[in-house]
Amino acid sequence: MRLSKLNKQVSLGLLVFGLVSVSIADENESRGFDIAARSDRSDIGFKNSKVEMKMILQNSAGKSSTRSLSLKTLEKPNEQVGDKSLIVFETPADINGTALLSHAKILDADNQWLYLPALKRVKRISSANKSGPFVGSEFSFEDFTALELNKFTYKFLRSEKCGEFTCDVVERYPTYDHSGYTKQVSWVDNTHFQVRKVNFYDRRGDLLKTLSLSEYRKYNDSYWRAHKLSMINHQTKKKTDLLYSDYEFGTELSDRSFTKAVLKRVR
Amino acid sequence: MLLAVKSYGSEEIKVSGFIAAEVRIFTQDAKYPGQSDDINYSALWQPEFRLNSGSNQFSFIPFIRKDSEDEERTHADIRELYWRTSKSDWESLVGLNRVFWGVMESRHLVDIINQTDLVEDIDGEEKLGQPMLQFSYFQDWGALELFLLTGFRERTFPGESGRLRTALPVDTGQAIYESSREQGHIDGSARYSHTFGDWDIGGYYFYGTSREPRFQLNTTQDRLVPVYDIINQVGVDAQYTSEAWLWKVESLYREGQGNSFLAVSAGFEYTLYQFAGGQKDLGLLTEYHYDGRDETAAPTIYDHDIFIGVRLAFNDVQDTSVLAGMTIDNSGNERFYNIEAEHRIGENIKAELKIRLFTHGQPGSLISQIEQDDYIQLQLRYYH
């Protein structure tokens, strides 16, 4: 009798405790999502953009090589539809004119086509290669293509100083298939709501890479863009810097600028 | 010319392209009298001139090869010389251009707009510039492309001293045409292509001079003479992309070159990304080739053949990759082994290695005629 009463009290207590911890977890999840959403939505309305990039790949001995490429992006304001992007390589010279067209989806596999200029061939490629290195760099395909808000779930961890700002530290977990990460921890400043740093944890849960985003500039009084992205691989000691030059926004780009047919005339 | 171009706008002509040195070593003595047994040295130059003002694009790509052993392999061509105007839902192009159709890796069955530059490579991927008027129309329901091909290009063949030739050399100077206008016959093609979710499909109709010739003996019975028929051909190609699988099919039906026939190629490519826990990707390829043609049509080695191969992408800074494969003939057991590897050196040099072996040739077959022409080729390209 007493025992069963105790049992009842204990289970009631556990239930209450469970509810409290669930609601705390819920709160941290929704707060994490809100922070990510505020950061993502601070970007909305740019319609499209064009930018030139330099990619500097450095091995563990410090030897570096450079690639230059251009990136065009078409914004899909609906968060349930992914953006479209077109990357065209200029150097090294032997891959000049090589282009990668991506139609991002949220949870379905992205559609991707590669253009090989020597054969003038457009090839649909598998987008299952999320975690593979992008053109030999420390960035993987998913680091470029998986930046949609709804491709992750979130959890708020804490707030802390980050350089001149105070940052919200948010963990995010990929919800799409084939990710090479178990989780990412991002630092989002709560002044401009921009991502300042991301730690990437591999499939074993070990720290794999750190991405630092810097040299932010504001365009059209609305959109912040980082102009330097540094990715350091802690396991291989290799590093890739992405240097962006001036962005252009609100150009003539439309859906028709992101079709297979366009790949043949990228240069 | 330069002035006219400069006055067009603020755009500049961009110059790129490559110069290359190549060596081909044949591991066996030549099979036929007159063929060279020496190491084959070549120099190549392909400069590329482009002007791009957004809606107007100009391209000029000449090509020249000087070969040490085969005067037919020493040749020049204009790969591209065109003016293209494009708007969001249409484009037009006038001039010489190259157009590739198809999805398979080991045989390019449906690819037909351009003539094969066979002395460059036996893999059918090197093409001669094709004069054309092209108009393309892009809508949400797909892309429609119309081609008027104004002038036929003859296939290149090795000369008497060249390797990788038929027992009797091909005399391109005596080519026979079904059309009385010969190379002046205007060919035409219309192609539709679109993406439906995971499917990329295309289909076309072609009417005109067959790019693949049949052969006849010449009057002195010591040379083959290419015969170019007027054909009607329909072709389709499709790829289904799902996860790491690419499922592919190409098919054509040709009428007008001997007995009408159907040909089908089908297969898959499956990629193991970050293979064995490293950075490399390993692709596994299998393709089956069926060809219903008989001896009244152009000869082909792909009648009932299976290709199996692997592609290893190193995903390194030098973009190193290796493709190794074997094509086996089901009926005669003939085999064609192919290994291709490439690697960048520094920022501007690319090294390309090709090894090709031909074995188990059956009497009289195409493979048997080149079975002593196994070779190793190394090409060094400097991109400027």
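Naming convention: chains lettered A, B, ... in sequence-line order (proteins, then strands); numbering from 1 in each chain. Because the structure is predicted, anything quoted here is derived from the model rather than measured.
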A:Asn129-B:Gln274 side chain donor-acceptor pair, cut-off 3.5 Å | yes
Below 4.5 Å from any heavy atom of chain A, which atoms of [X] appear? Answer side chain, backbone, both or neither.
{"X": "B:Phe18", "answer": "neither"}
{"X": "B:Thr271", "answer": "neither"}
{"X": "B:Arg98", "answer": "both"}
{"X": "B:Glu80", "answer": "side chain"}
{"X": "B:Asp316", "answer": "backbone"}
{"X": "B:Glu126", "answer": "neither"}
{"X": "B:Asp198", "answer": "both"}
{"X": "B:Arg79", "answer": "neither"}
{"X": "B:Arg344", "answer": "side chain"}
{"X": "B:Asp140", "answer": "both"}

A:Lys123 and B:Leu246, any side-chain heavy atoms less than 4.5 Å apart = yes
Are A:Trp113 and B:Thr195 close enough that some pair of their side-chain heavy atoms sits under 4.5 Å apart?
-> yes
Which region of [X], side chain (C-beta onward) or backbone (N, CA, C, O), has a non-hydrogen atom less than 4.5 Å from a non-hydrogen atom of chain B, or is it both or neither?
{"X": "A:Leu57", "answer": "side chain"}
{"X": "A:Thr91", "answer": "neither"}
{"X": "A:His103", "answer": "neither"}

Should the heavy atoms of other residues, nucleotides or ligands under 6.0 Å from [atom1] of [X] be counted, would the total exceed 12?
{"X": "A:Lys155", "atom1": "NZ", "result": "no"}
{"X": "B:Trp245", "atom1": "CH2", "result": "yes"}
{"X": "B:Phe135", "atom1": "CZ", "result": "yes"}

Go through A:Phe134 and B:Asn315 one step at a time and tell me if the side-chain contact (heavy atoms from CB on, under 4.5 Å) criterion holds.
-> CA-CA 8 Å; A:Phe134 180 72; B:Asn315 292 320; over 6 Å; no
For B:Gln279 and A:Gly132, indicate whether the former's side chain and the latter's backbone hold a donor-acceptor pair under 3.5 Å.
-> no
Any donor-acceptor pair under 3.5 Å from A:Ser126 side chain to B:Glu243 backbone | yes
When rounded to the nearest 0.5 angstrom, what is the spacing between [atom1] in [X] and [atom2] in [Y]?
{"X": "B:Phe138", "Y": "A:Lys260", "atom1": "CZ", "atom2": "NZ", "value": "11.5 Å"}
{"X": "A:Glu252", "Y": "B:Ser55", "atom1": "CD", "atom2": "OG", "value": "10.0 Å"}
{"X": "A:Glu90", "Y": "B:Ser16", "atom1": "CD", "atom2": "OG", "value": "9.5 Å"}
{"X": "A:Asp94", "Y": "B:Asp319", "atom1": "CG", "atom2": "CG", "value": "7.0 Å"}
{"X": "B:Tyr383", "Y": "A:Ile95", "atom1": "OH", "atom2": "CD1", "value": "10.5 Å"}
{"X": "A:Lys120", "Y": "B:Trp101", "atom1": "NZ", "atom2": "CH2", "value": "13.5 Å"}

Using every non-hydrogen atom in the two residues, find where [X] and [Y] come nearest and quote the distance to one decimal.
{"X": "B:Phe100", "Y": "A:Arg121", "answer": "CE2-CD, 3.4 Å"}
{"X": "A:Arg256", "Y": "B:Ser88", "answer": "CD-O, 3.4 Å"}
{"X": "B:Ala244", "Y": "A:Ala128", "answer": "N-CB, 3.9 Å"}
{"X": "B:Glu48", "Y": "A:Arg267", "answer": "OE1-NH2, 3.7 Å"}
{"X": "A:Ser65", "Y": "B:Val317", "answer": "OG-CG1, 3.0 Å"}

List the steps, then state whether side-chain contact (heavy atoms from CB on, under 4.5 Å) holds for A:Lys264 with B:Glu91.
-> CA-CA 11 Å; A:Lys264 295 169 198 166; B:Glu91 70 172 46; over 6 Å; no
Best-contacting candidate, A:Asn96, A:Asn59, A:Leu119, A:Ile125, against chain B by heavy atom pairs under 4.5 angstrom | A:Leu119
Most contact-rich option vs chain B, by heavy-atom pairs under 4.5 angstrom, among A:Ala261, A:Ser131, A:Ala118, is A:Ser131
Leading residue by heavy atom contact count with chain A [cutoff under 4.5 Å; candidates B:Ala143, B:Ser136, B:Gly197] | B:Gly197
Could you have a look at B:Asp200, B:Asn52, B:Asn97, B:Val99 and say which one has the most heavy-atom pairs with chain A under 4.5 angstrom?
-> B:Asp200
Using 4.0 Å as the upper bound for N to carboxylate O, is an ion pair formed by B:Glu347 and A:Arg67?
-> no
Contact listing (chain A partner; residues 102-109 of chain B; heavy atom under 4.5 Å) | B:Gly102, B:Val103, B:Met104, B:Glu105, B:His108
